[in-house]
Novice: 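Input: one structure, supplied below.
All of these numbers come straight from a predicted model, not from anything done at the bench.
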Amino acid sequence: MTQSRPNEFIPPPECPVFEPSWEEFADPFGFINKIRPIAENTGICKIRPPPGWQPPFACDVDRLHFTPRIQRLNELEAQTRVKLNFLDQIAKFWELQGCTLKIPHVERKTLDLYVLYKLVKEEGGFDGVCKERRWTQIALKMGFAPGKAVGSHLRAHYERILYPYYLFQAGANLMNSQKPTLTNDTKDKEYKPHDLPQRQSVQPAETCSIARRAKWTKGRCFKSELGGVCEKPNLRRRMGSYVAKPEPVKKIPMQVKEEPIEQQVEGEKSKVEQYICLVCGGGGDEDRLLLCDGCDDSYHTFCLIPPLHDVPKGDWRCPKCLAQECGKPPVAFGFEQASRDYTLRTFGDMADSFKSDYFNMPVHMVPTELVEKEFWRLVSTIEEDVTVEYGADIASKDFGSGFPVKNGTFKVSPVEEDYLSNGWNLNNMPVLDASVLTHVTADICGMKLPWLYVGMCFSSFCWHIEDHWSYSINYLHWGEPKTWYGAPGYAAEQLENVMKSLAPELFESQPDLLHQLVTIMNPNVLMEHGVPIYRTNQCAGEFVITFPRAYHSGFNQGFNFAEAVNFCTADWMPLGRQCIQHYRSLNRYCVFSHDEMTCNIASKADSLELELASAVQKDMCAMMLEEKMLREKVYKLGVWHSQQVDYDLLPDEERQCAKCRTTCYLSAITCPCSPDQLVCLYHIEDLCSCPARSYTLNYKYTLAELKPLFQALTARAESYEDWASKVNKILKADQDNKSDLEELRSLVVEAEKKSYPETDLLSHLRQVIQNADRCTSMAQQLLNGKRQTRYRSGGGKSQNQLTVEELKSFVNQLYDLPCTIRQAPFLKALLNRVEQFQQQSSDLLAEDTPGSSALQSLLDEGAGLDVELPQLVVLRQRLEQARWVEAVKEASDQPADLSLDCMRRLIDQGVGLTPHACVERTMARLQELLTVCEHWEEKAHNMLTARPRHSIETLEAALQEVDSIPAYLPSCLQLKDCVNGAREWIMEADALQAGGRIPGLAALSELVSRARSIPVMLEPLSRLESLISEVQAWKESAAKTFLLRNSSHSLLEVLCPRCETGPQKSKSKKAKDVSVPCKKVEVKLDSLFDVEKALSTSKYTVSAMATLSEVHQKELESLSMLRTSNESKFQSSPSCLAPTVCLCHTVPAGPMLQCELCRDAYHSGCVPGFKDIQTGLPWLCPLCKRSEKPPLDKVLPLLASLQRIRVRLPEGDALRYVIERTVRWQHKVQLVSPTQHPNGKARHIPGTASSQTLVGSNSCFYMLQPCIPLNELGTELEELLVEGLLMQVTLPELQQLYRSLLNRFSPSQHSLQSSEHDHQYHIAQDRSPPHRSPPHSKGQDGIPETKKEPERLEKNSKRRLEKENTEGQHRDKIKKPKKKKPKLNKERRREEKRTTSPSNSLSDLSYSDDSEEDWSVCSAKQCQQPEGNEVNWVQCDGSCNQWFHQICVGVSAEQAENEDYICVSCAINDLTE
């Protein structure tokens, strides 16, 4: 039964693909011989040339034209063609009976009549199937679903269409049986016959006896495009319209109608006999009398069985003609030739158009997989007829090869000349020295000369093997890929048998069908039957090679251009002779004479390569033995006549065997009765009927003449054969007769010296030597393993290590080598040591807990063997286990070091170990301990972080349970430390206030700070924290009382005596300025930090008061020196350097203020808030005035509240000392009466009403605030005044003392006298030297200035800038600006200052209509007349609005820009008002 094919094509596996290097590519046959062991197992292979190998396309495209073959795809496949032939026979059967065949549909698909016919026939025929009711089983086998009554439909269709044909084929007499009529359903599709035998029959040409591939013929009949089959007059007619004159028969292309009318044996029929029915013998009812279109016999319509009711339409055949027509044997199948001649361009346009239209996409976008599946679908269907054309077997000698050739029409460039002689050029490959075809004299087109192939999509080449089973090579020059399928040579007969079994009908009529290249079969079907099939896609620039007797087929993916040729190598020689025997059995033509080629090669024995000479020598030996046997057979038959014939001169068609068509060369048999006919010695009985003694033996050589040729080959191959024999003997020697490795090397050297061919034997010998060398090297490495592994780091496997089995195998391999290896006995001893180690390992591993030292010792021994031992892995595992168990035991013995991390680390290490009983037990104990420890660690941590905190009793109860755990628990230890710390803290807190002691703030704060870090609930802590809060509140209250706003001093710094006096300088600077060194004390009290530290560390108030008293004494000494030093600044000094004063460290200038305490002078502009100075009160500088100096009644409550808090702090001691000093000072004041000057009369305070000029400086200044002169005071009064000024408390006694002293040493009237330069002072930044002002001058209005003058003198000034022109104009000739309006406020004055400057006023007035033309000069009475490019001006912000040079009035540019300037006159006026 024919099996159903798969619905979708499954691609076979890929064949090998080779990519040779340039070195390998240089020798084509050498590379092919190298890959042959691999590639011949698949039949085909693909070779990609090295990158850059791109031969030019040399074919003459303009001259190339060809007529392609027409290929109808579904006629190519063997099984599909069988179905089509069957359907054509059925259609012809019914057509000859005047009926049209229509294919029925069952279950919405076309019924496969062929399968139905075969199944019914296999099941026993129609009667048997009906009798056994097996129609349902037949429906299931055909793929129909069960349960739909399909079987009854199949029976009806079979009985109606196929059963009559079956009866006809069986030889039943239809005239004696009931003849059915073919009634068709309207839904059935009419079948159009393909006419395969008539349309594509192969008719051998007259001159094709030596043609290589006669696969098609010309001059066939084709269907007419307009009228279908060529028409002829209908031979079926009524007798009434018959004309006696015979009608001329019109020749039609159908074979059945070309047969001549069968002649009557007994002469022509009479006219009466022609009109008589051959059934009933009557001549009546002429209207119902039918005439056969084949033989002109007559039959009544009612005499036929079954009777015909109407005259059939079309041709009609009688039963006798029907049997004759249907019984004709089928004709061989072949391809048609297209009616159109193509050029390469027109064929390409047609091919691209076909593919793009078929797939509805651009040709380059169609996937190869899609084309492949669609191709095999089309060839397997009978419903779709797709026709393509293939330009195959185009002779390259007519239009030129695609490769460039020497002396060809295509001219190559110099860089491409190498392609002319390249071995991969298909014009050169068949004739290379190593090619056997070189010795074939004839130019065989396709074998020695390449053939060209121009393909299109779906054009195919069918299953075939190459002529003479030769190699073939195909190169795709350009275009789309070519898909190949191949089967290896050993599966050739298997493939032939499968195809014959699946399509026997084709091979019955055409036994050599596979040699005609007209039949393909789906590779999936062949693979299902066990045939190995491989595929590949050949792309442009790639080679495909087919090996001897390898069946191959394929198709083209699209428009492409390929070239192919055959070649034969020395290994092909025995296959070539075997092919001749195969051809002889098939009666197939030979392309060339194999014996002739062998003799031609033997005649050139001296120049042959050794490999070829050896192969030909063997082939010639077989040829001579065969020829000797055949000639002896002929002699025994009685052929004694012989003659020598030179068959070289005869064409092949004149020396072909009449029986098997083999080309004869060495001998042939002829007979005088037919001199033009001959046979080979195998078919002497088939020559003629004459007796054998009349035959003549024609021979080319006598056997004696063949011997010299054979001896020459033998001599050429003898040395190689001897060498090969010696090699074979050594390679096959037994254990006791092995040769040394050096002897094998000498054989290789001999082969290279004598240029022996690269045969398999030589390759095998080299491989043996290579293996022996490798074994020797490996054996030496194994023997040196101890020394190597001694320096190997780690215990891992070495790359060169062998397993024990490999070592055993290696030792066996050493002894199996065909040569002796001296290291083999040593390796045998090593193997014995390995086996001993394995035994020791087994004994040690059997113990439950082996020691780590024993394991390590055995491991060291195994590592020294340099062999991969499975026991080493187990030993390492057990060693890790033993070490881990020992580590756990060691850690457990020292609980103080057994931390949670240690336990976790041990557990992690144990988890990675291989499971074992001892490991599991230890792991369980360790895990249990870890769980307990983690529980208590977490519990301890929670106790430490609990809010609210636990009591000390609760924590101590928990610690009692923890003491029994043998591990190091940090949180538990921390909890224990916290409990101990809490106990100590409680004891310290109790001791701090024991016996009514007053604790210090530092100790109290330190105790509270410590308590906050102890995570235990401490009862005294809240009480201590409340004390500290009260202390902080007291300090804030005291700070508000004493500290100035935004003061940089701390409360302690204000209350304590000053450690440093004067301006803030570095210690080294002060030491330089003060000539008297400080007195050394035991306790260092040089800074506030030292004082605070001394007060904090003092345990009693008495010691604190002593410390403060010492600091106060140092303060008085330091201040006394500072007062003396500052007072000396204003006395005449021989030094030329002017003293520096004030915070700005510049010389005195302008209105100045002098501190009553430190006696230093300050510029009025540098002292903030100098306008608020009260008359009659001492003025202190910013450095001396450090606090608000609250009254004593505000200070005493602070001390009382501090005493209630009962906490000692440095600020409290300092406040107590302040109050004590205040009380002592008040007592001193009461004892001293400052009403009398020590000298007995009042003194005038110098420097208060008049300006002064310092020696060495041009600056002038005056004091705004009178100070009590030091030289007029006694020591007691000075000390009393200084001490009162140092106190940070405001006392009425101090004010009274100061006023009394001030009134005592100053007159009642203080008139301030100054000149117009009273406000001149020189700033250090101003580089212009000012003119010195006169010592005394009155104001502008003659009114003296008062103390209110400073309130208006330090206003922001105006600036005026005058630039001198280049012509040197005088600086005074400047236009005077207009007078300003009175200013409303300070902001308005500042705005006017920005908008009105001398230059701006000058510019504005110069372009004003009512501007005055008067010129401005400096209003200062003594103008210094400055010169230069830039002269700065300032305008008075008083009522005069006059302009002054800044240098003339002592105003800097910055002061003039940012402050108001009031001239002397305006200042005096404001004070008087």
Novice: Which heavy-atom pair separates I70 from Q337 by the least distance, and what is that distance?
Specialist: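 Residues I70 and Q337, closest heavy atoms: CD1-O, 4.1 Å.
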Novice: Quick one, L476 and N560 - any side-chain contact, counting heavy atoms below 4.5 Å?
Specialist: yes
Novice: Going by heavy atoms in the side chains, are M573 and M597 under 4.5 Å from each other?
Specialist: yes
Novice: May I ask you to decide if the ring planes of F592 and H468 are parallel, tilted or perpendicular, using 30° and 60° as cut-offs?
Specialist: parallel
Novice: If the condition is side-chain contact (heavy atoms from CB on, under 4.5 Å), which residues does P362 pass it with, not counting sequence neighbours?
Specialist: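 By the side-chain contact (heavy atoms from CB on, under 4.5 Å) rule, P362 matches H364, M365.
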Novice: Suppose we call two aromatic rings close when their centres sit under 6.0 Å apart. Are W478 and F559 close by that rule?
Specialist: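 Ring-ring flag for W478/F559: true, centres closer than 6.0 Å.
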Novice: As an exercise, state the distance from CG of L426 to CD1 of I473, rounded to the nearest 0.5 Å.
Specialist: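 Between L426 CG and I473 CD1, I get 5.5 Å after rounding to 0.5 Å.
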Novice: Relative to the ring of W53, is the ring of F403 parallel (under 30°), tilted (30 to 60°) or perpendicular (over 60°)?
Specialist: tilted
Novice: Taking the side chain as every heavy atom from C-beta outward, state whether T438 and D433 have any atom pair closer than 4.5 Å.
Specialist: no
Novice: With side chains defined as the heavy atoms from C-beta onward, is the minimum distance between Y485 and Y534 less than 4.5 Å?
Specialist: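 Result no, sub-4.5 Å side-chain heavy-atom pair not found.
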Novice: Search all heavy atoms of F547 against all heavy atoms of C45 and return the closest pair with its distance.
Specialist: CE1-SG, 3.9 Å
Novice: How long is the gap from CG on D393 to CZ on F66, to the nearest 0.5 Å?
Specialist: 12.5 Å
Novice: Between R549 and E493, does at least one N-O distance fall below 4.0 Å, as a salt bridge requires?
Specialist: yes
Novice: Do side-chain atoms of S435 reach the backbone of P430 as a donor and acceptor pair under 3.5 angstrom?
Specialist: yes
Novice: Checking side chain to side chain contact (heavy atoms under 4.5 Å, CB included) for the pair D773/Q770: CA distance, chi angles, key distance, verdict?
Specialist: CA-CA 5 Å; D773 290 337; Q770 184 178 358; 5.6 Å; no
Novice: So which of W484, W424, F31, F18 actually passes ring pair (Phe, Tyr, Trp, His ring centres under 6.0 Å) with F543?
Specialist: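 One option only clears the test, and that one is W424.
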Novice: Tell me whether E384 is salt-bridged to R377, with the criterion being a basic N under 4.0 Å from an acidic carboxylate O.
Specialist: yes
Novice: Taking the side chain from S356 and the backbone from D352, do they hold a donor-acceptor pair closer than 3.5 Å?
Specialist: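 It does hold such a pair.
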Novice: Do E480 and N556 come within less than 4.5 Å of each other through their side chains, counting heavy atoms only?
Specialist: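 They are not in side-chain contact.
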Novice: What are the two closest non-hydrogen atoms of Q71 and F458, and how far apart are they?
Specialist: OE1-O, 4.4 Å
Novice: Should the pair R69-E389 be classified as a salt bridge under the 4.0 Å nitrogen-to-oxygen rule?
Specialist: no
Novice: If you take all heavy atoms of G455 and S459, which pair is closest and at what distance?
Specialist: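 Heavy-atom minimum between the residues: CA-OG, 3.6 Å.
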Novice: For the aromatic rings, using the six-membered ring if either is Trp, is the centroid distance between W469 and H594 under 6.0 Å?
Specialist: no
Novice: Do H582 side-chain atoms and Q578 backbone N/O form a donor-acceptor pair below 3.5 Å?
Specialist: no
Novice: Would you find more than 12 non-hydrogen atoms of other residues, nucleotides or ligands less than 6.0 Å from Q767 atom CD?
Specialist: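 For Q767, atom CD is crowded (more than 12 foreign heavy atoms under 6.0 Å).
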Novice: L437 versus V431: any side-chain heavy-atom pair under 4.5 Å?
Specialist: no
Novice: What's the verdict on side chain to side chain contact (heavy atoms under 4.5 Å, CB included) for Y390 and S460, showing C-alpha distance, side-chain angles and the deciding distance?
Specialist: CA-CA 7 Å; Y390 190 21; S460 63; over 6 Å; no
Novice: Flag the pair F375 / V388 as yes when at least one side-chain heavy-atom distance between them is below 4.5 Å, and no otherwise.
Specialist: no
Novice: For S21, does its backbone N or O pair with a side-chain atom of E24 as donor and acceptor, under 3.5 Å?
Specialist: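 Looks like yes, one N/O pair under 3.5 Å.
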Novice: Compare every heavy atom of C539 with every heavy atom of P481, then report the nearest pair and how far apart it is.
Specialist: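 Heavy atoms of P481 and C539 come nearest at CG-SG, 4.3 Å.
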Novice: Please state whether the rings of F567 and Y471 are parallel, tilted or perpendicular, taking 30° and 60° as the class boundaries.
Specialist: parallel
Novice: Do T483 and T368 come close enough that some side-chain heavy atom pair is under 4.5 Å?
Specialist: no
